[in-house]
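As the structure lists them, so they are numbered: ligands from 1, and atoms in each ligand from 1.
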Amino acid sequence: MDKRIIIVGAGVAGINAATKLVDNGYPGELITVIDKGNDPINRLPEEVMTGMLGAGGWSDGKLTYHTAIGGQLSKYCGEEKAMELMKQVVDNFTRFHPKPDEIFMSDPQEEPEFIKPYFGLRMFPVWHIGSNFLHEIAKTWYQYLVDKGVNFLWNTEVYEIDFKNNYIEFSTNINAIREGGITYDELIFAVGKSGIDFAQKLADDYQLPNEPKSVQIGVRFEAPQKYFQKLIDVSYDFKLYQKFDNVSLRSFCTNNNAAYVAVEETYGDISYNGHAKKGKEFENQMTNFGILMEIKGIEDPFKWSRDLVSKVQAKSTGLYYSPKGTRQPGLTSEGSTVSATQISMDTLAHVVEPAFDGYFSYVMNFISDMNNVFEFGDDWGMYIPEVKYLSPEPLVNYHDLSLTVYPNVHFVGDALSARGITVSGAHGIYVAESIIRKEILIELMNMGI
Ligand SMILES: Cc1cc2nc3c(=O)[nH]c(=O)nc-3n(C[C@H](O)[C@H](O)[C@H](O)COP(=O)(O)OP(=O)(O)OC[C@H]3O[C@@H](n4cnc5c(N)ncnc54)[C@H](O)[C@@H]3O)c2cc1C
């Protein structure tokens, strides 16, 4: 095992890849992880998307365990392998958890009767790591990798990759801006959502062949938890869904008890997400979740979503609607108001609906059907938009997620259209396994076997 492996992105995918490599005896000294964010000791709570464990490091810490959730995994490796890989990710988070006994798992078994006339409910296990433990997990995990000899370059942004000559260019802002470069034998490209622009640039520069993707867009819904309690009792992280001809809708990433809405910035525009905190001091008795539509048949879904998001911005932020202005944007977990411009029914009808090309009525119908079941009346609000940018997925070899045109470059995690911790981590582990397999094969061949 003598190949130099560079991992761009110390997020969930990159860190799980590095861990699998060293766990299997790969020399840590040959692995370098480069990240534009901070190490886990210096990473600040407002650095939501960058640094050790990436977006997963400041996330809600909910590890979902179903191949239909969080992006495509079984497409590459089959159902059984996908489940095994995701379990390895859960095991890694458990292993570095300061209080593994406090991880709890919800596993609903039966679809409740009261939702049946309007919705289906996806049922699967979820491990709740607890977002306030993620920082400690990140520190212990980091120390493990450092002890194994893995090199880390923090505050270092990769801005160019020469796939033909296996060369990476980066700039680092520790002390002063410094340029640098490094060669690789194998590259694991794990830049997540915060690296989506860079991934797109590389795809354009190298004209990488890709697989078309659907659009995933909608809103983040927020209401007092009491209305949803009967469903939360059945499934903490419930996933309601509705299916129509070319549109399907699902509730996404549900947060309860101490539930906060988070602002995301991509391409200079604001969209929303959510996370939950643990600890009495954070409890606000609210529930929030995304209502996401998947729309098939949009010609250029990536461009369409980006245009849409830019149309539903006002005063340098996204929008907030509550019927008759009943509710206002909530507080963040740091105690400031979530940045969003409150709009009227009129703006909803004349700005939002056209921006969504008429598809917004599906969201409103979803909310109206929820009201039939949960009876929250006017006591709710929504942040517009929530978006999952599924940029065209580069075409990869399914056995090791390497680019079909550059077989020593592996795309993983959100950079390969994953949408969650377990699937992203599983991508990383899958690639690490394939690199180890290849190395063992080479060693055997060198030994003449
Ligand atoms: C607020 C929030 C809450 C979430 N909650 C959950 C949850 O509860 N459960 C769940 O399953 N998912 C959740 N997610 C999604 C989940 O965090 C991501 O799907 C997952 O982290 C993706 O892993 P990744 O390794 O692909 O990317 P990331 O974890 O985003 O890591 C990418 C890393 O790459 C680095 N990077 C980017 N570009 C460059 C560059 N050019 N040079 C160097 N480094 C670069 C970044 O600094 C970052 O550290 C949440 C996301 C957010 C934002």
Do you see a donor-acceptor pair shorter than 3.5 Å between the side chains of [X] and [Y]?
X	Y	answer
T67	E79	yes
E47	N38	yes
N92	N16	yes

Polar proximity ligand 1 side, [X] side, N/O cut 3.5 Å exclusive:
X	value
A262	no
R419	no
H275	no
G420	yes
G413	no
W58	no

For ligand 1, which atoms sit closer than 4.0 Å to a heavy atom of [X]?
X	result
G9	33 (C), 34 (O), 35 (C)
G274	3 (C)
M49	46 (C), 48 (C), 49 (O), 53 (C)
G51	47 (O), 49 (O)
F198	41 (N)
V191	32 (C), 33 (C), 34 (O), 36 (N), 37 (C), 38 (N), 39 (C)
A13	25 (O)
G56	17 (O), 21 (O), 29 (O)

Using 4.0 Å as the upper bound for N to carboxylate O, is an ion pair formed by E264 and R220?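 Result for this pair is no, no salt bridge flagged.
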Aromatic contact between Y406 and Y206, with the criterion being ring centroids under 6.0 Å apart: yes or no?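 Yes, they do, as the ring centres are separated by less than 6.0 Å.
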Looking at F124 versus Y65, is the centre-to-centre ring distance below 6.0 Å?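 Ring-ring flag for F124/Y65: false, centres at least 6.0 Å apart.
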How close do S402 and P407 get, counting heavy atoms only, and between which atoms? CB-O, 3.3 Å
Closest protein heavy atom to [atom], given as residue, atom name and distance to 0.1 Å:
atom	answer
atom 52 (C) of ligand 1	N273 ND2, 3.7 Å
atom 30 (O) of ligand 1	A55 N, 3.3 Å
atom 47 (O) of ligand 1	D35 OD1, 2.7 Å

From the options G192, G54, G11, S194, select the one whose nearest heavy atom is closest to atom 46 (C) of ligand 1. S194
Side chain, backbone, both or neither: the part of T64 lying under 4.0 Å from ligand 1 by heavy atom: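 For T64, no heavy atom sits under 4.0 Å from ligand 1.
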Where does V12 meet ligand 1, judged by heavy-atom distances below 4.0 Å: at the side chain, the backbone, both, or neither?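 Contact part for V12 vs ligand 1: both backbone and side chain.
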Report yes or no: does a heavy atom of I15 sit under 4.0 Å from some atom of ligand 1?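 Contact absent.
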Under the 6.0 Å and 45° cation-pi test, does R95 pair with Y144?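 The answer is yes; both the distance and angle limits are met.
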